[in-house]
Each structure stands twice: as C-alpha cells, then as structure tokens.
Amino acid sequence: QVQLVGSGGGLAQPGGSLRLSCAASGRFFSINDMDWYRQAPGKQRELVAGISRDGSTKYAEFVKGRFTISRDNAKNTVYLEMNSLKPEDTAVYYCAAAVRQFFRHTYDTYWGQGTQVTVSS
C-alpha cells in the first residue's frame, strides 16, 4: 500500500560525493519523519540522519559536516547528500518514513529496499 524506493547509490572514491534519493508512493494521509540508516557487514544498523516534516534535522556524530539531509514534501522525497566520503561509509543505506494512513491516528514505519554505497580507490 505504501512503497519507498531508494536510489543513487554506487561507487565513489575517497573524498568523493554521492546523492541518495528516496521517494514514497501509494495512498496515505501524510508523512512525518524521514530518516536514513545504514548497515555495514558485521555491524548493526545505525541511524545516519533524520528530518522532520518542518525541516528540523539530526545527524550521527560521524557524518556531521559531511552529509546533508533534506526533503521535498510536495514530492514525498527525502535526499542525502554525502560529501568527503570515507571507506568507512561503505554500507547499504536504507530510507525509512513514518507514515500516517487514511483513517488512522498513529504513524507506522516503512522501509525502502536499500541502496549500496561503496567507497574505494
């Protein structure tokens, strides 16, 4: 009923940049928070950045000053601009959204399929 499609991953050199996108589609009432998570081999999934509907943001300490999260509410899309990439940023990146469906008064979390980011020389 609600789908999140992430895109923009790929291979980048250390110090390079990538821009991830995630668009929500389907029928729903509204979207509250939108977040980016990542999971590297052998590690737990961790929050990278989040943004509320009014534009307030939060970042993990290890990406502050390098990554920027933004959103376009008219397009139901969240973005993650990644600059000064490091090999340690290599992971599968997942978007997540808190979605309020029609005739409901609570938010449910939906996840995108994940997009691979590889940082290597």
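Note that this is a predicted model, so its numbers are computed, not measured.
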Hey, any chance [X] and [Y] share a hydrophobic cluster, counting ILVMFWY side chains that come within less than 4.5 Å of each other, even indirectly?
X: Phe62; Y: Val119; value: yes
X: Leu18; Y: Val92; value: no
X: Ile69; Y: Tyr110; value: yes

Q. Does any donor atom in the side chain of Arg38 or Tyr93 lie under 3.5 Å from an acceptor atom in the other side chain?
A. yes

Sub-4.5 Å side-chain heavy-atom contact between [X] and [Y]:
X: Cys22; Y: Tyr94; result: no
X: Ile51; Y: Trp36; result: no
X: Phe102; Y: Arg27; result: yes

Q. What's the verdict on side-chain contact (heavy atoms from CB on, under 4.5 Å) for Val117 and Leu20, showing C-alpha distance, side-chain angles and the deciding distance?
A. CA-CA 9 Å; Val117 171; Leu20 307 183; 4.1 Å; yes

First locate atom [atom1] of [X], then atom [atom2] of [Y], and finally report the distance between them rounded to the nearest 0.5 Å.
X: Met34; Y: Thr57; atom1: CE; atom2: OG1; result: 14.5 Å
X: Leu11; Y: Ser121; atom1: CG; atom2: OG; result: 9.5 Å
X: Asn76; Y: Arg71; atom1: CG; atom2: CZ; result: 8.0 Å

Given 3.5 Å as the limit, does a donor-acceptor pair link the side chain of [X] with the main chain of [Y], or not?
X: Asp54; Y: Ser56; result: yes
X: Asn73; Y: Arg53; result: yes
X: Arg66; Y: Ser84; result: yes
X: Gln113; Y: Gly6; result: yes
X: Thr118; Y: Thr90; result: no
X: Tyr37; Y: Trp111; result: no

Kindly give the heavy-atom pair with the smallest separation between [X] and [Y], and that separation in Å.
X: Phe28; Y: Val99; result: CB-CG1, 3.5 Å
X: Tyr79; Y: Ser21; result: CD2-OG, 3.3 Å
X: Ile31; Y: Ala24; result: CD1-CB, 3.6 Å
X: Thr109; Y: Ala96; result: CG2-CB, 4.3 Å
X: Tyr59; Y: Ala49; result: CD2-CB, 3.7 Å
X: Lys43; Y: Gln39; result: O-NE2, 3.3 Å

Q: Check the surroundings of atom CZ in Phe29: do more than 12 heavy atoms from other residues, nucleotides or ligands lie under 6.0 Å from it?
A: no

Q. Hey, is NZ on Lys58 packed in by over 12 heavy atoms from elsewhere, all under 6.0 Å?
A. yes

